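Note sheet for the following structure.
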Amino acid sequence: MTEQPAPAPQTYAEPASEFEDLDVDAPLVGIVMGSKSDVSAMEPAEKELTERGISCEVRVMSAHREPDKVADYARNAKLRGLRVIIAGAGLSAALPGVVAAHSELPVIGVPLTSRTSVAGGLDALLSIAQMPPGVPVACVGVDNARNAAVLAARILGT
Ligand code: RP5
């Protein structure tokens with residue numbers, strides 16, 4: 001009986017080089033808002049997500065003043081690994097709806113009050129909640145960014 005040659009030693013790829021491009025902390029939730037003046041009202045959303053260990057990113061972009069930037073962000077969001085988008089805006093709050101128009105991801109709108117709000121934020125509330133059929137946006141209470149984060153966590157199942 002002829003002796004079989006010993007099997008070639010198995011080689012394994014170096015784990016470090018295999019995974020070095022993987023960003024394990026890639027954000028799951030995108031928090032966007034229409035103006036720098038919205039930052040303090042939206043902070044509770046970031047705080048809530050951070051406390052729950054859910055990675056998020058925060059961006060300021062206006063649906064009316066920077067429509068192309070919003071469209072680009074929304075179109076690329078899913079590909080970048082985001083799973084939910086929280087969008088806060090005041091006045092004629094188009095941001096959540098425009099994001100939903102450009103992305104399949106669930107969008108949670110946060111109606112915000114601002115200096116010139118009408119009826120305590122009713123303008124933004126209706127702008128966000130009254131989306132046409134087929135383009136849904138979930139809507140939390142006026143200035144209730146924290147609830148948007150809690151809802152995002154539930155959508156993520158965490
Ligand atoms: C909205 O208009 C923003 O979301 C903000 O709540 C409001 C006022 O924006 P600024 O004039 O303070 O930039 O688009």
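Ligands are counted one by one from 1 in listed order, and the atoms in each one are counted from 1 as well. A quick note: this is a predicted structure, and the numbers were derived from the prediction, not measured. These numbers come from the heavy atoms of this one structure, side chains and all, not from hydrogens, waters or symmetry mates.
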Quiz prompt | Hydrophobic cluster (4.5 angstrom, side-chain heavy atoms) - remaining members for M131 | solution = V32, M61, V70, Y73, L82, I85, L95, V98, V99, L105, V107, I128, V135, V137

Quiz prompt | Numbering as shown, the atoms of ligand 1 that approach S37 to under 4.0 Å (heavy-atom distance) | solution = 9 (O), 10 (P), 12 (O)

Self-check item: Shortest non-hydrogen contact between L91 and S114, atoms and distance
Solution: CD2-OG, 3.4 Å

Quiz item: Which of the atoms in ligand 1, numbered in the order shown and given with their element, are less than 4.0 Å from a heavy-atom of R115?
Solution: 11 (O), 12 (O)

Quiz item: Which atoms of ligand 1 are found less than 4.0 Å from any heavy atom of A89?
Solution: 4 (O)

Self-check item: Validation row: T158, L28 side chains within 4.5 angstrom (heavy atoms)
Solution: no

Quiz item: Looking at side-chain heavy atoms only, is the closest gap between H64 and S92 below 4.5 Å?
Solution: yes

Exercise. Pick whichever of S92, S35, A87 has a heavy atom sitting closest to atom 9 (O) of ligand 1.
Key: S35

Quiz item: What protein heavy atom sits nearest atom 3 (C) of ligand 1, and how far off is it?
Solution: D38 OD2, 3.3 Å

Quiz item: Does R65 approach ligand 1 within less than 4.0 angstrom via side chain, backbone, both or neither, non-hydrogen atoms only?
Solution: side chain

Quiz item: For L112, is the nearest heavy atom under 4.0 Å from an atom of ligand 1?
Solution: no

Quiz prompt | Heavy-atom closest pair, residues D38 and G34 | solution = OD2-N, 3.2 Å

Quiz prompt | Where C139 and L125 come nearest, the two heavy atoms and their spacing | solution = SG-CD1, 3.8 Å

Quiz item: So which residues get pulled into L79's cluster when ILVMFWY side chains under 4.5 Å apart are joined, directly or through others?
Solution: none

Quiz item: ligand 1 and G90, any nitrogen or oxygen pair closer than 3.5 angstrom?
Solution: yes

Practice problem: Look at atom 2 (O) of ligand 1 and say which protein heavy atom is nearest, naming residue and atom and giving the distance to 0.1 Å. | Solution: L91 CD1, 3.6 Å

